Number of protein chains: 2
Amino acid sequence: MTSSADFRRTLSSDLARAVVRMVNDNGLGPGDALDSVKVLAARFDVAVPTMREALRRLEGLGVLEFRHGSGIYVGANAGRRVLANPLSPRPNQGQLIELLEARRRIEPPIAALAAQVQDAVGLAWMEESLARARQQIAERDDALWLTNLDFHRAVAATGGNGVLAEVLDSIVLIHADAQREILRLHGDAVEDYDEHARLAAAVREGHPADAERAAAGHLEHVATIVRARS
Amino acid sequence: MTSSADFRRTLSSDLARAVVRMVNDNGLGPGDALDSVKVLAARFDVAVPTMREALRRLEGLGVLEFRHGSGIYVGANAGRRVLANPLSPRPNQGQLIELLEARRRIEPPIAALAAQVQDAVGLAWMEESLARARQQIAERDDALWLTNLDFHRAVAATGGNGVLAEVLDSIVLIHADAQREILRLHGDAVEDYDEHARLAAAVREGHPADAERAAAGHLEHVATIVRARS
DNA sequence: GGTCATAAAATGATTAGATCACTTTATGAC
DNA sequence: GTCATAAAGTGATCTAATCATTTTATGACC
């Protein structure tokens with residue numbers, strides 16, 4: 001299926017590619033500013049609207065970011081290889097379960113890898129997000145769900161593999177708002193924390209099999225909650 | 001990390017969102033045509049260049065597709081949740097190995113799921129791509145590498161989980177050209193085929209553990225080839 | 001000398017209309 | 001019925017102007 005044979009080269013797509021190369025060659029990273037649209041248009045010898053269209057295309061991917069009155073900046077997805085579609089339509093119950101079953105398959109082996117590799121930055125991030133969760137539970141902070149997502153991403157980061165981390169980032173971000181709503185209504189914050197802590201301990205102490213089991217158990221638990229809701 | 005707190009609503013982003021909703025509401029799928037830019041601009045009551053920028057943003061994501069002189073069509077990524085960044089820069093040796101190690105972790109459990117679920121469409125796709133590979137090997141067709149990628153996607157589809165299939169689609173497409181080059185120079189087409197056939201047999205006959213082992217072995221083999229190249 | 005309101009400059013956002021290029025469809029000759 | 005041609009539709013690009021937002025420079029005031 002799908003022959004990627006047709007390379008429809010257009011000015012807009014070539015421009016976008018050139019801008020990305022320019023960003024990489026200049027060593028720019030997320031948050032850094034590009035030249036103004038006018039300057040870019042002049043440099044690439046095209047009219048301003050044409051330049052803007054090429055830049056908008058990159059904005060769609062999250063590779064660039066427009067700030068009215070300020071400038072155009074490198075976005076969070078620059079250099080990233082796997083992305084979550086920010087425009088995927090609102091999921092129904094079945095799609096949510098499908099998503100959780102996908103996580104159930106992917107996250108355990110990633111947790112096992114984390115326990116093997118124990119990347120230092122990832123470990124620190126993991127502990128930090130756990131501590132933050134403790135505090136937010138105590139303060140009944142509504143932002144807890146974000147911290148919990150962060151924990152899963154931190155575990156993936158501890159595996160030391162950028163592609164896997166990006167994959168996990170993506171699937172965790174899919175329908176994040178829908179997942180939040182469910183867990184806010186039906187989840188148990190303390191139980192969640194305990195499961196995370198168990199997983200963290202297995203990773204910290206270097207027990208891949210335990211980490212894998214902990215991740216699997218945790219996700220099955222979450223899936224049960226989602227399945228059970230009316 | 002990363003508070004997604006700033007919702008910078010802009011006309012362009014609202015327009016893009018509205019277009020996506022329109023596509024979904026009208027039940028349009030990949031390949032279907034949208035109204036012309038002029039008509040869309042009139043409908044949303046904005047000027048043509050503004051409309052074009054919003055559409056370009058969606059083109060960046062692969063949700064839309066522009067065809068000069070013909071029209072604007074729904075793209076292959078519409079409705080998809082996980083995407084491969086089509087603009088990720090060319091990888092170095094280390095990044096290729098990282099990618100293969102990611103696949104080594106993700107694909108085996110997916111293969112196991114495929115052997116459990118045995119989705120009919122996926123199975124047919126799998127057999128079809130195997131048959132095509134046989135023919136292309138006999139004819140020394142250069143497009144064989146595409147068929148091989150297709151086989152991996154077919155296995156994921158056989159698992160019946162859309163999210164997992166999209167994840168696999170994405171990571172298989174990352175740096176696909178770079179992978180092709182390596183395998184063309186250092187790979188053994190017949191050996192590749194045999195490993196695929198073994199995996200297919202395990203899936204077909206419903207042996208998850210065998211499928212998992214076959215997938216793992218195959219990817220380790222590929223990784224060895226990539227590591228070995230000078 | 002430091003602080004803060006104001007003015008000026010830079011930058012992106014949007015609009016308008018015109019012309020060019022490509023694709024598809026309708027027309028008509030053969 | 002087939003095929004070349006013309007016409008219409010559509011996207012691509014350009015020019016030029018005006019509006020809105022942000023940032024920086026200015027200078028009065030304390």
Side-chain angles (χ1 to χ4, degrees), chain A residues 3 5-20 22-23 26 28 30-78, chain B residues 5-20 22-23 26 28 30-78 86:
Chain A
S3 76
D6 55 339
F7 275 101
R8 212 173 276 273
R9 301 185 66 88
T10 104
L11 176 50
S12 174
S13 101
D14 286 347
L15 269 178
R17 204 175 301 274
V19 169
V20 169
M22 187 191 74
V23 167
N26 293 13
L28 299 183
D32 293 335
L34 271 67
D35 293 319
S36 75
V37 176
K38 210 157 84 172
V39 170
L40 289 174
R43 180 174 311 154
F44 290 107
D45 199 34
V46 295
V48 169
T50 306
M51 195 70 223
R52 283 182 64 86
E53 284 190 25
L55 295 170
R56 280 285 190 209
R57 171 200 293 254
L58 295 176
E59 192 199 17
L61 281 165
V63 169
L64 294 184
E65 194 182 328
F66 287 56
R67 294 187 207 158
H68 191 173
S70 174
I72 297 176
Y73 298 80
V74 178
N77 289 348
Chain B
D6 54 339
F7 275 99
R8 213 174 274 273
R9 299 186 67 88
T10 97
L11 175 51
S12 174
S13 101
D14 286 347
L15 270 178
R17 204 174 302 274
V19 169
V20 169
M22 187 192 74
V23 167
N26 293 14
L28 299 182
D32 293 335
L34 272 66
D35 293 319
S36 75
V37 177
K38 210 157 84 173
V39 171
L40 288 174
R43 180 174 312 155
F44 291 106
D45 198 35
V46 295
V48 169
T50 306
M51 195 70 224
R52 284 181 65 85
E53 284 189 25
L55 295 170
R56 281 285 191 208
R57 171 200 292 253
L58 295 176
E59 192 200 16
L61 282 165
V63 168
L64 293 183
E65 195 182 328
F66 287 55
R67 295 189 207 156
H68 191 173
S70 175
I72 297 177
Y73 299 80
V74 178
N77 289 348

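Residue numbering restarts at 1 for every chain, and letters A, B, ... go by the order of the sequence lines. Not measured: the values here are computed from a predicted model.
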Rounding to a whole Å, what distance do you find between [X]:[atom1] and [N]:[atom2]?
X        : N       : atom1 : atom2 : result
Asp45(B) : dT14(C) : CG    : C1'   : 12 Å
Lys38(A) : dT15(D) : NZ    : P     : 14 Å
Leu11(A) : dC22(C) : CG    : C1'   : 15 Å
Glu53(B) : dA13(C) : CD    : P     : 7 Å
Glu65(A) : dT11(C) : CD    : P     : 18 Å
Ile72(B) : dT23(C) : CD1   : P     : 15 Å
Arg52(A) : dT14(C) : CZ    : C1'   : 8 Å
Phe66(B) : dT23(C) : CZ    : P     : 16 Å

Starting at [atom1] of [X], measure out to [atom2] of [Y] and round the result to the nearest 0.5 Å.
X        : Y        : atom1 : atom2 : value
Thr10(B) : Glu53(B) : OG1   : CD    : 9.0 Å
Thr50(B) : Leu55(B) : OG1   : CG    : 10.5 Å
Tyr73(B) : Glu59(B) : OH    : CD    : 13.5 Å
Leu58(B) : Arg57(A) : CG    : CZ    : 11.5 Å
Glu65(B) : Arg67(B) : CD    : CZ    : 4.5 Å

Side-chain N,O ([X]) to OP1/OP2 ([N]) below 4.0 Å:
X        : N       : value
Arg56(B) : dA12(D) : yes
Ser36(A) : dA10(C) : no
Arg67(A) : dT22(D) : no
Ser12(A) : dA12(D) : no
Ser70(A) : dT23(D) : yes

- Query: Hey, does the side-chain of His68(B) have a donor or acceptor N/O within less than 3.5 Å of a partner on the base of dA12(D)?
  - Reply: no

- Tell me which of Gly71(A) and Pro49(A) sits closer to the 5' end of DNA chain C, going by the nucleotide each one is nearest to. Gly71(A)

- Message: Partner lookup for dC30(C), please. Criteria are Watson-Crick or G-U wobble with both distances under 3.5 angstrom; report none if nothing qualifies.
- Response: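 Because both required distances fall under 3.5 Å, dC30(C) counts as paired with dG1(D).
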
- Message: Both Tyr73(A) and Met51(A) contact DNA chain D. Taking the nearest nucleotide for each, which residue is further toward the 5' end?
- Response: Met51(A)

- Val48(B) near the nucleic acid: base, sugar-phosphate alone, or nothing, with a heavy-atom cut-off under 4.0 Å? nothing

